[in-house]
Amino acid sequence: MTDSSALDPEDRKIVTLARSARARNGVPEGAAVRDETGRTYVAGTVSLDSLQLSALRTAVAMAVASGAKSLEAAAVVTESASAAAEDLAAVRDLGGPGTPVLVAGTDGVVRETVPAS
């Protein structure tokens, strides 16, 4: 477990945004990513009959659709123990293998930081 108060303020911000998206939308996961210019993209799980996307993949897609060229960091708030391999792959595709993914519980406490490798 990572001491959330020890996080960089910008990383703490994306964890807070991810947690807010999850709570506000009543979805299983919330996520946020920060691009190379410092812009953030926030998303929740998408669950439609015709489309299923995790919160993190949705946030990455929003960044790409908005013209982001790379990612500095990503965060996901989830009940799962860790980030899904597909989510890490999406972050890696845009951000590169060293992009940190902060995985936090629903209480906002970061459980682990993993590279998107």
Q: Could you list the residues that satisfy side chain to side chain donor-acceptor pair (under 3.5 Å) with Thr106, not counting sequence neighbours?
A: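 By the side chain to side chain donor-acceptor pair (under 3.5 Å) rule, Thr106 matches no residue at all.
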
Q.
Taking side chain to side chain donor-acceptor pair (under 3.5 Å) as the definition, give me every residue that meets it alongside Asp11, ordered by chain and number, with sequence neighbours left out.
A. Arg34

Flag yes if [X] and [Y] sit in one hydrophobic cluster, no otherwise; membership is Ile, Leu, Val, Met, Phe, Trp, Tyr, and two members link when side-chain heavy atoms are under 4.5 Å apart.
X: Val91; Y: Val46; answer: no
X: Val110; Y: Val101; answer: no
X: Val27; Y: Val42; answer: no

Where is the tightest heavy-atom contact between [X] and [Y], given as atom of each residue plus distance?
X: Ser82; Y: Glu112; value: CB-OE2, 3.1 Å
X: Ala59; Y: Val33; value: O-CG2, 3.7 Å
X: Leu71; Y: Ala63; value: CD2-CB, 4.3 Å
X: Ala90; Y: Val60; value: O-CG1, 3.7 Å
X: Ser54; Y: Thr58; value: O-OG1, 2.8 Å
X: Gln52; Y: Ser47; value: OE1-OG, 3.3 Å

Return the [atom1] to [atom2] distance between [X] and [Y], rounded to the nearest 0.5 Å.
X: Leu102; Y: Arg12; atom1: CG; atom2: CZ; result: 11.5 Å
X: Ile14; Y: Glu72; atom1: CD1; atom2: CD; result: 9.0 Å
X: Arg92; Y: Asp87; atom1: CZ; atom2: CG; result: 11.5 Å
X: Leu88; Y: Leu56; atom1: CG; atom2: CG; result: 7.5 Å
X: Leu17; Y: Arg24; atom1: CG; atom2: CZ; result: 8.5 Å

Quick check against the 3.5 Å criterion: does [X] have a side-chain atom that pairs as donor or acceptor with the backbone of [Y]?
X: Thr78; Y: Ser80; result: yes
X: Thr99; Y: Gly96; result: yes
X: Asn25; Y: Ala21; result: yes
X: Arg19; Y: Gly30; result: no

Q: Identify whether the distance between the nearest side-chain nitrogen and carboxylate oxygen of Arg57 and Glu29 falls below 4.0 Å.
A: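 Salt bridge: no.
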
Q | Pairwise side-chain contact, Leu53 with Thr45, heavy-atom cut-off 4.5 Å (strictly under) | A |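 The answer is no; the side chains never approach within 4.5 Å.
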
Q.
With a 4.5 Å cut-off on side-chain heavy atoms, are Val103 and Thr113 touching?
A. no

